[in-house]
Amino acid sequence: MDKFKKVQEVIASVEADVAKFYDGGNGAAGTRVRKAMQDLKTLAQEIRAEVTEKKNADK
């Protein structure tokens with residue numbers, strides 16, 4: 001559950017940079033968005049592994 005909260009935090013923290021990139025064309029904000037998306041990808045994969053492990057352990 002902690003990793004899911006971390007996902008929410010990353011999304012909240014990158015929201016301003018998304019607006020700066022798409023609405024303002026700020027290239028540096030785009031770089032920060034790409035990094036945040038990579039972090040989200042990593043967190044999502046970790047969550048998937050945990051869920052699978054827990055699901056299989058309950059059998």
Side-chain angles (χ1 to χ4, degrees):
M1 194 67 177
D2 292 334
K3 288 184 180 172
F4 186 76
K5 289 181 182 182
K6 180 68 176 165
V7 167
Q8 292 174 318
E9 291 171 8
V10 170
I11 291 172
S13 70
V14 76
E15 195 170 352
D17 285 327
V18 169
K20 287 177 187 176
F21 177 71
Y22 283 106
D23 297 337
N26 184 326
T31 300
R32 291 188 296 273
V33 169
R34 289 180 61 234
K35 182 189 180 313
M37 294 300 110
Q38 185 63 41
D39 293 344
L40 286 173
K41 179 181 173 184
T42 301
L43 283 168
Q45 189 62 41
E46 290 172 2
I47 291 169
R48 283 179 45 113
E50 284 180 9
V51 168
T52 300
E53 181 180 323
K54 183 171 177 61
K55 183 181 77 165
N56 290 339
D58 290 344
K59 288 185 178 177

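Heavy-atom basis, side chains included; hydrogens, waters and symmetry copies ignored.
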When rounded to the nearest 0.5 angstrom, what distance separates CG in Leu40 from CD in Gln8?
11.0 Å
My understanding is that only residues two or more places apart in sequence, or in another chain, count here; which of them pass side chain to side chain contact (heavy atoms under 4.5 Å, CB included) with Asn56?
Thr52, Lys59
Checking Asp39 against Lys35 for the side chain to side chain contact (heavy atoms under 4.5 Å, CB included) test, could you report, in this order, the C-alpha distance in whole Å, the side-chain angles of both residues, the deciding distance, and whether it holds?
CA-CA 6 Å; Asp39 293 344; Lys35 182 189 180 313; 3.0 Å; yes
Using the salt bridge (Lys or Arg N to Asp or Glu O under 4.0 Å) rule, collect all pairs that involve residues 21-33, keeping only residues at least two apart or in two chains.
Asp17-Arg32
Can you list the residues that meet the side chain to side chain contact (heavy atoms under 4.5 Å, CB included) rule with Lys6, with sequence neighbours excluded?
Glu9, Val10, Leu43
Can you list everything that forms a side chain to side chain contact (heavy atoms under 4.5 Å, CB included) with Asn26? Sequence neighbours excluded, please.
Lys20, Ala28, Ala29
List for me each residue that meets salt bridge (Lys or Arg N to Asp or Glu O under 4.0 Å) alongside Glu50, sequence neighbours excluded, and say none if there are none.
Lys3
Residue set satisfying side chain to side chain contact (heavy atoms under 4.5 Å, CB included) with Gln38, at least two apart, ordered chain then number -> Lys41, Thr42
